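Structure record follows, encoded as structure tokens.
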There are 2 protein chains.
Amino acid sequence: MRLLIAEDDKLHRSFLEDVANDTFADLAEMTLTSDGEGAIEAFKSAQYDCVILDLQMPKMTGVEVAKSIWARAPATKILFWSNYTEEAYIRGITKIVPAAAVYGYILKSAPEEQLKLALQGVFVAEQCVIDREVRGVQQRAGNRLSGLSELEYEALVDLCLGLTDKAMAARRNVSLRGAQSRLQSLYQKLGLEKGDIPSSDWGPSFNSRTRAISIAMTRGILNADALRREEEMLMSWLSAKSH
Amino acid sequence: MRLLIAEDDKLHRSFLEDVANDTFADLAEMTLTSDGEGAIEAFKSAQYDCVILDLQMPKMTGVEVAKSIWARAPATKILFWSNYTEEAYIRGITKIVPAAAVYGYILKSAPEEQLKLALQGVFVAEQCVIDREVRGVQQRAGNRLSGLSELEYEALVDLCLGLTDKAMAARRNVSLRGAQSRLQSLYQKLGLEKGDIPSSDWGPSFNSRTRAISIAMTRGILNADALRREEEMLMSWLSAKSH
DNA sequence: AGCAGTTCTGCGGGAACCCGCAACATCCCC
DNA sequence: GGGGATGTTGCGGGTTCCCGCAGAACTGCT
């Protein structure tokens, strides 16, 4: 077994190293990296069949690293090992996981025992091991009623970036009304009914536009990290637009 | 010396324990807790002169814990030990630190050597030890030109919570135009000039209201955690308003 | 007192936004 | 081919927002 580990926190990294050494007797090689670029480079120079990834690393998300790895070798088994159950990451993962790929998702707060089980399950037994809590979020996100569709998610991103309706329309190639329509269904999904707050005396307390952002951020549908990445994508689109 | 440590990540916690044991020979007592409530309770039942706090813990921020501790015993020496340099936390700290209090702020990413130095500096030599990076943010926040005034910060909070102008006016006890005026100066401070994006052909690309939120979040002036706390304060104000 | 700096206020107009209504266009499934 | 679900588009009007102008209040400093 050849194992690659990417984790920026040095304590967590050496912890993973210890547990891996403890769990597997047949480790042909183990490589440790502290960021996404390092992981991708390491994977290019030598093939690994098992990978442990921290989501939330400087510069590059674990999700992006996984995407690059799976693009090169779809059979690679990946265990995601993260701090929180941010919906932003979970959505990203379920979007890039290949058809029959083996992967796992476990939280850092879980006891060591569970981590060992996950390592065994994903890397040896080749089964998907998803933490209960994560599973819950994943299911909600996939649910047609409570989760956001791809289009609604796009609208949310544009909204959080601070675009106007007109700009959204231009970016997504729809009419102005089309963009507004997407916003409307987004508001509905996020639960922005008029009677949210029991009818205050000084009129409507919430501005749908900004309230939607507030809800998205507190629920973790989008986080500051994802926002920074989306900002970059917006900028590159902007410069491409002006040929 | 009597030392209290609050840190939710168990790896980091035991690391702190080791380093503290390693650094100080005269430890009369050391208590470890994994959340804010535990720390406050521990501090009530037995006096400590030195405290290490993680910001960003579940339910209660290290900032709130520090506030409670300093309210009870202003001479307590506190070392903040955090992941990132979120302006949200730094602003909170500088707001609650008593006149002549001794404290320090060091990042988890710093090498062990620096942590030891900070422990010595704050707890023994009784000097303030602030990480360079943090110091930079702190200074920018205090600067009249680039940093936000208290009023502008309030406006930002209300904005990010999704309130309407009218609701802000009601909450802050100013006229409608007053609230809008605060927003205007906020926009200006955040750098929302009209020519931000080089004059796109399809009109103004950014909605000031949402763009301001975007900038605040990516810069870390406000984070999801702080937002959730502010949300609670808003709700309690709301229910108080309707007696 | 005088003066600068900051904040609050009303007024008014132009722009942006929210959304109900109604008409299509797809696509899928029975 | 007839529902059904989903997504797009135009129209219209009521609301909210953004902001320039100008005056008033309040601070701290000389």
Side-chain angles (χ1 to χ4, degrees), chain A residues 142-156 158-197 199-200 202-215, chain B residues 143-145 147-156 158-197 199-200 202-215:
Chain A
N143 183 336
R144 188 148 315 242
L145 284 173
S146 55
L148 302 185
S149 76
E150 199 52 34
L151 291 178
E152 285 150 0
Y153 182 73
E154 280 184 6
L156 176 63
D158 289 349
L159 182 66
C160 291
L161 285 172
L163 295 181
T164 59
D165 292 3
K166 223 185 293 184
M168 294 183 202
R171 186 178 188 196
R172 306 301 184 182
N173 287 315
V174 290
S175 72
L176 178 62
R177 187 65 181 84
Q180 292 176 332
S181 178
R182 291 184 182 187
L183 282 178
Q184 259 184 268
S185 57
L186 172 66
Y187 295 155
Q188 209 174 336
K189 281 278 181 68
L190 291 180
L192 284 195
E193 306 306 325
K194 306 199 168 188
D196 199 351
I197 288 303
S199 68
S200 324
W202 23 270
S205 349
F206 288 125
N207 172 316
S208 337
R209 211 173 174 79
T210 48
R211 185 61 180 166
I213 302 181
S214 169
I215 292 178
Chain B
N143 183 335
R144 186 150 314 240
L145 284 173
L148 301 185
S149 78
E150 199 52 35
L151 290 179
E152 285 151 359
Y153 183 74
E154 279 183 7
L156 176 63
D158 289 348
L159 183 65
C160 290
L161 285 173
L163 295 180
T164 60
D165 293 3
K166 222 185 292 183
M168 295 184 201
R171 186 178 188 197
R172 306 301 184 182
N173 287 315
V174 291
S175 72
L176 178 62
R177 188 65 183 84
Q180 292 175 333
S181 177
R182 291 184 181 187
L183 281 178
Q184 259 183 269
S185 58
L186 172 66
Y187 296 156
Q188 209 175 337
K189 280 278 181 69
L190 292 179
L192 283 197
E193 307 305 325
K194 306 199 167 188
D196 200 350
I197 289 304
S199 68
S200 324
W202 24 269
S205 351
F206 287 125
N207 171 315
S208 337
R209 212 174 175 79
T210 48
R211 186 61 181 166
I213 302 181
S214 169
I215 292 178

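Chain naming here is simple, since letters A, B, ... match the order of the sequence lines and numbering starts at 1 in each. Quick caveat: nothing in here was measured; it's all calculated off a predicted structure.
One atom, CZ of R209(A), and another, C1' of dC18(D), lie 14 Å apart when rounded to the nearest Å. For the pair L159(B) CG and dC17(D) P, the computed distance is 10 Å after rounding to whole Å. In this entry the distance linking CZ of R177(B) with C1' of dT9(C) reads 8 Å, nearest Å. The nearest whole Å value for the distance from the CG atom in L183(B) to the P atom in dC17(D) is 9 Å. The nearest whole Å value for the distance from the CG atom in L148(A) to the C1' atom in dG7(D) is 16 Å. The distance from atom CD of E150(A) to atom C1' of dT6(D) is 15 Å, rounded to the nearest whole Å. Distance, K166(A) NZ to dC17(C) C1': 12 Å, rounded to whole Å. In this structure, the CG atom of N207(A) is 7 Å from the P atom of dC18(C), given to the nearest Å.
In this structure, L176(B) and E152(B) both approach DNA chain C, and ranking their closest nucleotides by distance from the 5' end singles out E152(B). The residue among L151(A) and Q180(B) whose nearest nucleotide of DNA chain D is located toward the 5' end is L151(A).
Nearest nucleotide to the Q184(A) side chain, out of dT8(D), dC19(C), dC8(C): dC19(C). Listed candidates were dC18(C), dT8(D), dC17(D). Nearest to the side chain of V174(A) is dT8(D).
In this structure, R182(A) does not reach the dG7(D) phosphate: none of its side-chain N or O atoms is under 4.0 Å from OP1 or OP2.
Residue S175(A) is in sugar-phosphate contact alone, with no base atom involved, counting any heavy-atom pair closer than 4.0 Å across all strands shown.
Taking the side chain as every heavy atom from C-beta outward, K189(A) and L156(A) never approach each other to under 4.5 Å. Put simply, the side chain of R209(A) does not reach to within 4.5 Å of the side chain of R209(B), judged on heavy atoms.
A distance of 10.5 Å separates CE in M168(B) from CZ in R182(B), rounded to the nearest 0.5 Å. Atoms CZ and CG, on R211(B) and L192(B) in that order, are 7.5 Å from each other to the nearest 0.5 Å.
Looking at every heavy atom in both residues, T210(B) comes nearest to L163(A) through OG1-O, 4.3 Å.
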